[in-house]
There are 2 protein chains.
Amino acid sequence: MDAIDRTLIELLRDNARLSYAELARQVGLSPPSVHDRLGKLESTGVIKAYRADVDPEAIGLGVTAMIMIVQEPGHEIEDMTIRFRQQPEIESCYFMAGHESFLLIARLGTIAELEQLIGRINRVPGVASTRTTIALSTKWEQRPQPHRKPPAAATPG
Amino acid sequence: MDAIDRTLIELLRDNARLSYAELARQVGLSPPSVHDRLGKLESTGVIKAYRADVDPEAIGLGVTAMIMIVQEPGHEIEDMTIRFRQQPEIESCYFMAGHESFLLIARLGTIAELEQLIGRINRVPGVASTRTTIALSTKWEQRPQPHRKPPAAATPG
DNA sequence: AGCGTCCGGTCGATGGCGTCCACGGACGAG
DNA sequence: CTCGTCCGTGGACGCCATCGACCGGACGCT
């Protein structure tokens with residue numbers, strides 16, 4: 001995980017469809033070498049996936065909701081997580097510090113679907129209460145941020 | 001935006017580095033045709049970007065925080081949004097229904113950096129108060145979900 | 001110092017891919 | 001019917017992905 005790896009990651013966070021050849025030019029290595037480095041970054045879990053970032057409204061998921069969950073004592077966090085995972089509408093699931101133990105971010109087509117999802121969540125053992133707010137608008141999402149340490153200089157001759 | 005487009009989107013949400021040739025095989029069209037469709041989906045904003053999904057901890061961003069903001073009357077939402085956008089640590093920004101007007105999701109290296117970020121946010125005009133909780137663990141994030149309508153069958157025969 | 005080994009790089013080859021262009025059928029409007 | 005538009009196909013050509021062989025520096029042992 002050196003400066004060149006960090007540069008590769010940063011380039012791919014901006015555009016995951018860059019060719020190995022283009023990446024190689026940007027970091028000043030040969031394409032097979034880039035191929036090798038990315039293979040390692042993928043297999044060690046640094047790069048988890050390559051995803052198309054799609055406008056949710058365009059695929060019928062115009063409603064974004066944040067669901068916060070207060071936990072009842074005497075229930076396993078893992079069991080609750082598994083039950084939440086079974087709801088495909090839940091895009092992200094965080095276990096939180098504070099009064100509310102879980103934050104779920106859900107993506108749905110309609111408010112009616114949200115109502116049904118909340119109903120299903122309330123039936124999960126260990127859920128004491130839920131509090132839901134919906135996003136009126138998304139200003140931005142998943143913006144990549146620069147790394148702490150400056151990325152590689154492509155060591156010119 | 002037909003069933004084939006939806007299939008392409010779903011395939012690319014799982015793996016944004018699939019080749020045009022592979023996509024073409026999956027949907028039963030020729031590669032140039034897929035190229036054409038994706039170009040349209042990109043230029044109409046349905047596909048916003050292709051991103052590598054990176055383990056935040058691997059790039060020194062092990063702290064995930066949710067910052068909720070109560071708004072003071074008499075300030076423009078847009079002005080506040082612009083100020084928030086200037087903080088690179090803020091990965092996502094939602095304008096919410098409810099008592100707290102904004103939900104910010106921030107990614108940082110240390111708690112000390114979080115403290116500084118909260119300080120900067122509190123200095124933004126229009127911020128009446130902030131409430132922050134940190135994620136103790138991320139159960140999952142950005143999981144793609146299936147579309148409402150069934151995706152394309154690659155019309156055999 | 002001399003040597004073996006490992007790691008990570010380059011180079012070369014080849015099969016497949018990306019992408020441009022010209023062409024053609026389906027379909028609706030006049 | 002005729003035309004225009006849309007959306008697809010196929011061919012061509014240059015570039016890319018990817019594998020294997022080889023190379024050189026770093027390091028540890030004798």
Side-chain angles (χ1 to χ4, degrees), chain A residues 1-55 57-60 147-157, chain B residues 1-55 57-60 147-157:
Chain A
M1 197 40 181
D2 61 4
I4 291 181
D5 281 351
R6 281 194 292 272
T7 304
L8 290 173
I9 288 171
E10 213 153 285
L11 290 166
L12 286 169
R13 262 153 72 96
D14 261 3
N15 181 3
R17 282 184 75 79
L18 287 175
S19 66
Y20 291 110
E22 179 59 29
L23 292 167
R25 278 188 289 270
Q26 301 266 348
V27 300
L29 290 182
S30 63
S33 180
V34 170
H35 186 264
D36 191 44
R37 279 168 176 267
L38 289 183
K40 284 172 190 166
L41 289 172
E42 291 160 14
S43 64
T44 57
V46 174
I47 295 178
K48 293 189 290 183
Y50 301 97
R51 298 199 186 289
D53 184 3
V54 176
D55 179 7
E57 298 200 21
I59 56 173
H147 293 180
R148 288 287 152 271
K149 288 163 190 174
T155 60
Chain B
M1 196 43 180
D2 61 4
I4 291 181
D5 281 351
R6 281 193 291 271
T7 303
L8 290 173
I9 287 171
E10 213 152 285
L11 290 166
L12 286 170
R13 264 154 70 96
D14 262 3
N15 182 3
R17 282 183 76 80
L18 287 175
S19 66
Y20 291 109
E22 180 59 29
L23 292 166
R25 279 189 288 270
Q26 301 265 347
V27 301
L29 291 182
S30 63
S33 180
V34 169
H35 187 262
D36 191 44
R37 279 169 176 266
L38 289 182
K40 284 172 189 165
L41 289 172
E42 289 159 15
S43 64
T44 57
V46 173
I47 295 177
K48 293 188 289 182
Y50 301 97
R51 299 199 182 290
D53 185 1
V54 176
D55 179 7
E57 298 200 21
I59 56 174
H147 293 179
R148 287 288 151 271
K149 288 162 190 175
T155 62

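Note on naming: letters A, B, ... go to the chains in the order of the sequence lines (proteins, then strands), and numbering restarts at 1 for each one.
Contact annotation: the side chain of M1(A) approaches that of I59(B) to within less than 4.5 Å [non-hydrogen atoms, C-beta and beyond]. Within the 4.5 Å cutoff, side-chain heavy atoms of D5(B) are placed close to those of R37(B).
The listed nucleotides are dG12(C), dG9(C), dC17(C); the one nearest the side chain of L29(A) is dG9(C). Listed nucleotides: dT19(C), dT9(D), dG8(C). Nearest to the side chain of P31(B): dT19(C). Among the nucleotides dC19(D), dC7(D), dC16(D), the one closest to the side chain of A21(A) is dC16(D). In this structure, of dG8(D), dT10(C), dG10(D), it is dT10(C) that holds the atom nearest to the side chain of S33(A). Closest approach to the H35(B) side chain among dC20(C), dT18(D), dA17(D) is made by dC20(C) (side chain taken as heavy atoms from C-beta onward).
Per the geometry, CG belonging to L38(A) stands 11 Å off P belonging to dA17(D), to the nearest Å. Regarding R17(A), its CZ atom lies at a distance of 13 Å from the P atom of dC17(C), rounded to whole Å. Between the P atom of dT18(D) and the CG atom of D36(A) lies a distance of 12 Å, rounded to the nearest Å. For the pair L18(B) CG and dG16(C) C1', the interatomic distance rounds to 16 Å; values are reported in whole Å. Atoms CG (D2(B)) and C1' (dG8(D)) sit 12 Å apart, rounded to a whole Å. A straight line from CG of L23(B) to P of dT19(C) spans 12 Å, rounded to a whole angstrom. dA17(D) atom C1' lies 13 Å from atom CZ of R25(A), rounded to whole Å. Taking atom CZ of residue R37(A) and atom P of nucleotide dT18(D), one finds them 18 Å apart after rounding to whole Å.
With respect to the salt-bridge test (charged N to carboxylate O, under 4.0 angstrom), the residues R25(A) and E22(A) qualify.
Taking only side-chain nitrogens and oxygens, K40(B) never comes nearer than 4.0 Å to OP1 or OP2 of dC6(D).
When each of L8(B), I4(B), N15(B), L29(B) is tested with L23(B) by the rule side chain to side chain contact (heavy atoms under 4.5 Å, CB included), just one qualifies, namely L8(B).
Atoms CD1 and CZ, on I9(A) and R13(A) in that order, are 8.5 Å from each other to the nearest 0.5 Å.
Across all strands shown, S19(B) has heavy atoms under 4.0 Å from sugar-phosphate atoms exclusively, and none from any base.
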